[in-house]
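Residue numbers begin at 1 in each chain, while the letters A, B, ... track the order of the sequences.
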Amino acid sequence: MRNVVRDLVRKVLEECVADGTLQSGQLPAIVIETPAHAEHGDFATNVAMQLAKGERKAPRAVAEVLLPRLVAADIFDRVEIAGPGFINIHLKGDAWQRTLLPLAAAGPDYGKSRSGAGKKAQVEFVSANPTGPLHIGHGRGAAIGDTICRLLDVTGWDVTREFYYNDAGQQISNLALSVQARCLGIEPDDPRWPADGYQGEYIRDVARSYLARETVDADDQHVTADGDPLNLDAIRRFAVACLRREQDQDLTAFDVHFDVYSLESELYSTGKVEGVVQRLIAKGHTYEQDGALWLRTTNFGDDKDRVMRKADGGYTYFVPDVAYHLAKWERGFGRVINEQGADHHSTITRVRAGLQALDAGIPQGWPEYVLHQMVTVMRGGEEVKISKRAGSYVTLRDLIDEVGRDATRYFFVMRKPDSQLVFDIDLAKQQTLDNPVYYVQYAHARICSIFENAAEKGYELPAADKVDLSRLSTPDDMAIIRLLNQFPETVEGSAQNFEPHRITYYLQELAGQFHTFYNKNRVVTEDRELTFARLFLLHCVRQTLRNALAILGISAPEKM
RNA sequence: GCGCCUGUAGCUCAGUUGGAUAGAGCAACGGCCUUCUAAGCCGUAGGUCAGAGGUUCGAAUCCUCUCAGGCGUGCCA
């Protein structure tokens, strides 16, 4: 509807330019907003104020010129000038009601768009190293990342979900040593325990499986244990596969799935890391100092230069990062979004600097980043302390088991990624409508329940062309219809800004509006026409709730 | 010190990309159960948008500075 109005306003402006009514050839971007107050109409535009300067006229005077032409549009009821020069537009009553017809026809496709059609995007998220179970921070990343993928998907993009991990570095070597120690019966308080060893209980489990020569099938790893506690390399391979499998199981329980797994070790074995180093040297952006090879990242916006090759000959982590991103670019992703914890934000400048230094035609702001802030967990009004060192911390699996997949996903995307998140476990577990996810799901279940009741009374959902839409005219009807109309633009805005939380706020509002309607109006009555009309309206609400929940990866239960 | 993020109602947070009188959910207070789920709804109250300047027709939103909190600041990832 907003787009229809925008097109009409644009047409009027173009006519005015064509016949000289407007002097300035330059038209502003046409903003059609929804006024905060109902008396300001269905839509409002500020074009008169934007044009005022170029026209050298008062905003209201510009509006006066446009007014007669706008009034002529057949879906506009009245058009008024208000305040400093707003043009308020009131639509004819049935213009709104008729929007339900295409909505119902679109069904599961309502809210989808083609804005990304024909374009490839890649989203890298979670990317946890296989050194332990996924914790709550990974959970937030998984929920946000997956929702962004779903948002891109419904806006037409061809999306690849990717998980990158380090299977060969220092951390992994500590993992292997820790498992080996457990195999040999060495405890963390033993002096022989490895310096930065992982102490969690799960290490003991890995060791046990290894000694039992088990076979592990992860999504991307298939390894049979060697069983020899002295074969560190075999232990490493087995441990990585083990922990990858654990993570896969948690992610599957979270309904998060990846298309591609990328391993850091492959960047080395395929020569990509070395290739990037040679290319950076060739481009003249490197220098040697203190026995190390440096990249002049300060030429590309960094505040200090960074070491690429350490004095001991090894590469620092950002070199494979750059190699990895160059590979992403070469794979043809015009758009790459990296979802990460904000504690890794310092990598952004370095990766981008490295890519620029390669002089490979990569745009400056590529790749894009979505950084989520920390999560604190509250239980019983108290913060649950996280202690990774001791091996005791809130895992994603704990959360899913305790509060359920739907509530966990909802809570993780409820706030914008930039905001720190307080995860209130008690609230998330609550089976009451104080719990926002229940509030929303219940609206859906309640509509299903109404349809069940209607069926018992002999009512079926009417065909769209059999519905008398004029029976939907109360303020509550109109409020719902307007809100339903906002769904596509909410999805679009949410997708473009990588802000899943907008969907949760929308759901909250739509569910609330429905509950209001339900409370005031009985749907199934003796009045057949009215019953059909209301069933049709609720059918549209239910469809929109489903579509929105699907974007969040949350179920729409028919009974609760 | 420097960089990034944040600061909006008692609490948790939105704020249509710069618009009109700043909103929601909890909590508080006051109402509503012969009803398709009261697992709910309606209403009231609650604000120096951290602070100070600036940009302009117009600022919670953009710029500068200050204050407070979080994260980072490695030849760790």
Side-chain angles (χ1 to χ4, degrees), chain A residues 2 29 31-37 39-40 44-46 49-50 52-53 58-60 82-86 88 127 129 131 165-166 169-171 196 264 289-294 302-304 306-318 320-321 341-349 371-374 376 378 414-422 424 427 430-436 438-439 441-443 445-454 456-457 486 489-490 493 496-497 501-502 504-505 508-509 512 515-525 531 534 538 559-560:
Chain A
R2 186 187 305 275
V31 177
I32 305 293
E33 36 188 45
T34 305
H37 304 280
E39 64 269 27
H40 291 147
T45 180
N46 61 359
M49 291 182 278
Q50 305 233 329
K53 198 167 236 173
R60 291 187 68 109
F86 287 103
N88 291 337
S127 290
N129 284 344
T131 55
Y165 65 95
N166 177 351
Q170 186 60 41
Q171 286 186 18
D196 293 309
E264 183 177 344
Q289 187 182 306
D290 303 330
L293 180 68
W294 297 68
D302 205 352
D303 52 0
K304 57 186 278 197
R306 305 291 166 177
V307 169
M308 294 170 62
R309 189 169 55 225
K310 299 180 273 183
D312 70 9
Y315 291 115
T316 57
Y317 68 91
F318 102 93
D321 268 3
D343 53 346
H344 285 104
H345 79 260
S346 58
T347 63
I348 299 176
T349 315
L371 302 177
H372 64 261
Q373 295 289 329
M374 265 181 27
T376 48
M378 300 288 283
M414 200 162 50
R415 308 296 178 216
K416 72 178 156 204
D418 277 343
S419 296
Q420 291 186 24
L421 175 73
V422 177
D424 184 338
L427 180 61
Q430 230 166 308
Q431 311 260 324
T432 73
L433 300 195
D434 289 343
N435 181 348
Y438 271 81
Y439 184 78
Q441 289 182 314
Y442 181 56
R446 195 173 226 179
I447 294 174
C448 292
S449 171
I450 292 170
F451 270 94
E452 215 165 274
N453 177 271
E456 284 168 18
K457 303 252 169 65
Q486 284 172 25
E489 63 203 51
T490 300
Q496 275 179 17
N497 294 284
H501 73 281
R502 297 192 192 200
T504 67
Y505 277 88
Q508 211 68 24
E509 222 179 316
H515 287 309
T516 300
F517 173 91
Y518 170 87
N519 190 251
K520 283 197 207 165
N521 306 288
R522 192 166 172 92
V523 177
V524 182
T525 64
T531 300
R534 287 182 170 164
L538 293 196
K559 274 200 188 328
M560 288 175 73

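With both ends at atom C1', the span from B/C49 to B/A24 equals 16 Å, rounded to whole Å. Rounded to whole Å, the C1' atom of B/U12 lies 31 Å from the corresponding atom of B/G58. Annotation: B/U21 and B/A59 have their P atoms spaced 10 Å apart (nearest Å). Straight-line distance between the C1' atoms of B/G47 and B/A14: roughly 15 Å, to the nearest whole Å. The separation of B/G1 from B/C26, taken at their P atoms, amounts to 42 Å, rounded to a whole angstrom. Spacing between B/U8 and B/G69 at atom P, rounded to whole Å, works out to 14 Å. Using atom C1' as the reference point in both B/U55 and B/C65, the two lie 15 Å apart (nearest Å). Using C1' as the reference atom, B/G30 and B/A68 are 38 Å apart when rounded to the nearest Å.
Rounding to the nearest 0.5 angstrom, the gap separating the OG1 atom in A/T45 from the CD atom in A/E33 is 7.5 Å. Note: A/H345 NE2 to A/Q373 CD = 9.5 Å, rounded to the nearest 0.5 Å.
With sequence neighbours left out, the salt bridge (charged side-chain N to carboxylate O under 4.0 Å, His left out) criterion links A/E509 to no other residue. Residues meeting the side-chain contact (heavy atoms from CB on, under 4.5 Å) test with A/M49, sequence neighbours left out: A/N46, A/P59, A/P84, A/F86. With sequence neighbours excluded, the residues forming a salt bridge (charged side-chain N to carboxylate O under 4.0 Å, His left out) with A/K520 are A/D476, listed by chain and number. For A/R522, there are no salt bridge (charged side-chain N to carboxylate O under 4.0 Å, His left out) partners two or more places apart in sequence or in a different chain. The side-chain contact (heavy atoms from CB on, under 4.5 Å) search around A/T34 returns A/R2, A/F43, A/Q486, not counting sequence neighbours. By the side-chain contact (heavy atoms from CB on, under 4.5 Å) test, A/D424 pairs with A/D426, A/L427, sequence neighbours left out. Applying the side-chain contact (heavy atoms from CB on, under 4.5 Å) rule to A/R306 yields the partners A/T297, A/D302, A/D303, A/K304, A/F318, A/R350; only residues at least two apart in sequence or on another chain are considered. With sequence neighbours excluded, no residue forms a salt bridge (charged side-chain N to carboxylate O under 4.0 Å, His left out) with A/E264.
Minimum atom distance to the side chain of A/H515 is reached by B/C41, of the listed B/U16, B/C36, B/C41. Nearest nucleotide to the A/F86 side chain, out of B/C36, B/A20, B/U16: B/A20. Checked against B/U16, B/C36, B/A20, the side chain of A/A82 finds its nearest nucleotide in B/A20. Minimum atom distance to the side chain of A/T516 is reached by B/C41, of the listed B/A14, B/C36, B/C41.
Residue A/N521 contributes atom CG, which lies 12 Å from atom P of B/C42 at whole-angstrom precision. Distance A/K520 NZ to B/G43 C1': 11 Å, rounded to the nearest Å. In this structure, CG of A/L427 is placed 18 Å from P of B/A39, rounded to the nearest angstrom. We find that CG of A/N519 is positioned 14 Å from C1' of B/A39, with the value rounded to whole Å. Following rounding to the nearest Å, A/H372 (NE2) and B/G72 (P) show an atom-to-atom distance of 12 Å. A/D434 places its CG atom 14 Å from the C1' atom of B/C41, with the value rounded to the nearest Å. Put simply, CD on A/Q486 is 14 Å from P on B/G15, counting in whole angstrom units. Rounded to whole Å, the distance from CD on A/Q496 to P on B/U16 is 14 Å.
In this structure, B/C11 is classed as anti because its glycosidic torsion departs from zero by more than 90°.
Comparing A/Y439 and A/M414, the nucleotide of RNA chain B nearest to each residue sits closer to the 5' end for A/M414. Comparing A/H345 and A/A342 by the nucleotide of RNA chain B whose heavy atom lies nearest to each, the residue mapping closer to the 5' end is A/H345.
The aromatic ring of A/H40 is stacked on the base of B/A20, with the two ring centres less than 5.5 Å apart and the planes inclined by under 30°.
Residue-level contact check: A/A52 touches neither bases nor backbone, having no heavy atom under 4.0 Å from any strand. Counting non-hydrogen atoms under 4.0 angstrom, A/N88 reaches a base of the nucleic acid. Among the atoms of the strands shown, base atoms are found under 4.0 Å from some heavy atom of A/E39.
Put simply, the side chain of A/T531 never gets that close to the backbone of A/V524: no donor and acceptor are under 3.5 Å apart. Between the side chain of A/N129 and the backbone N or O of A/T131 there is no donor-acceptor pair closer than 3.5 Å.
Of all heavy-atom pairs between A/V523 and A/R534, the closest is CG1-CB, 3.9 Å. Taking both residues in full, the closest heavy atoms of A/A292 and A/V307 are given as CB-CG1, 4.0 Å, listed atom of the first, atom of the second, then distance.
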**Footprint string (nucleotides 55-64 of chain B, 5' to 3'): B base within contact, S backbone only, - free, heavy atoms under 4.0 Å** = --S-------
**Prompt:** Reading nucleotides 5-12 of chain B from the 5' end, what letters show protein touch, with B for base, S for backbone sugar-phosphate only, - for no heavy atom under 4.0 Å?
**Reply:** SS-----S
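Between the side chains of A/Q508 and A/Y439, no donor-acceptor pair is found at a separation under 3.5 Å.
In this model, the phosphate group of B/U35 is not approached by any side-chain N or O of A/R446 to a distance below 4.0 Å at OP1 or OP2. Look at A/T349 and you won't find any side-chain N or O under 4.0 angstrom from OP1 or OP2 of B/C4.
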Would you tabulate the pairs of protein nitrogen or oxygen atoms and nucleotide nitrogen or oxygen atoms of nucleotides 74-77 of chain B closer than 3.5 angstrom?
from  : atom 1 : to     : atom 2 : distance (Å)
B/G74 : OP2    : A/K304 : NZ     : 3.4
B/C75 : O2     : A/A311 : N      : 2.9
B/C75 : N4     : A/D290 : O      : 3.2
B/C76 : OP2    : A/K310 : NZ     : 2.8
B/A77 : OP2    : A/Y317 : N      : 2.9
B/A77 : O3'    : A/N166 : ND2    : 3.4
B/A77 : N6     : A/Y317 : OH     : 2.9
B/A77 : N3     : A/H344 : NE2    : 2.9

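At least one side-chain heavy atom of A/I450 sits under 4.5 Å from a side-chain heavy atom of A/Y518. Between A/Q431 and A/M560 the shortest side-chain heavy-atom distance does not fall below 4.5 Å.
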**Request:** State the dot-bracket string of RNA chain B. Criteria: Watson-Crick or G-U wobble, both atom distances under 3.5 angstrom; notation: ( ) intrastrand, [ ] crossing earlier pairs, | interstrand, . unpaired.
**Result:** (((((((..((((.....[...)))).(((((.......))))).....(((((..]....))))))))))))....
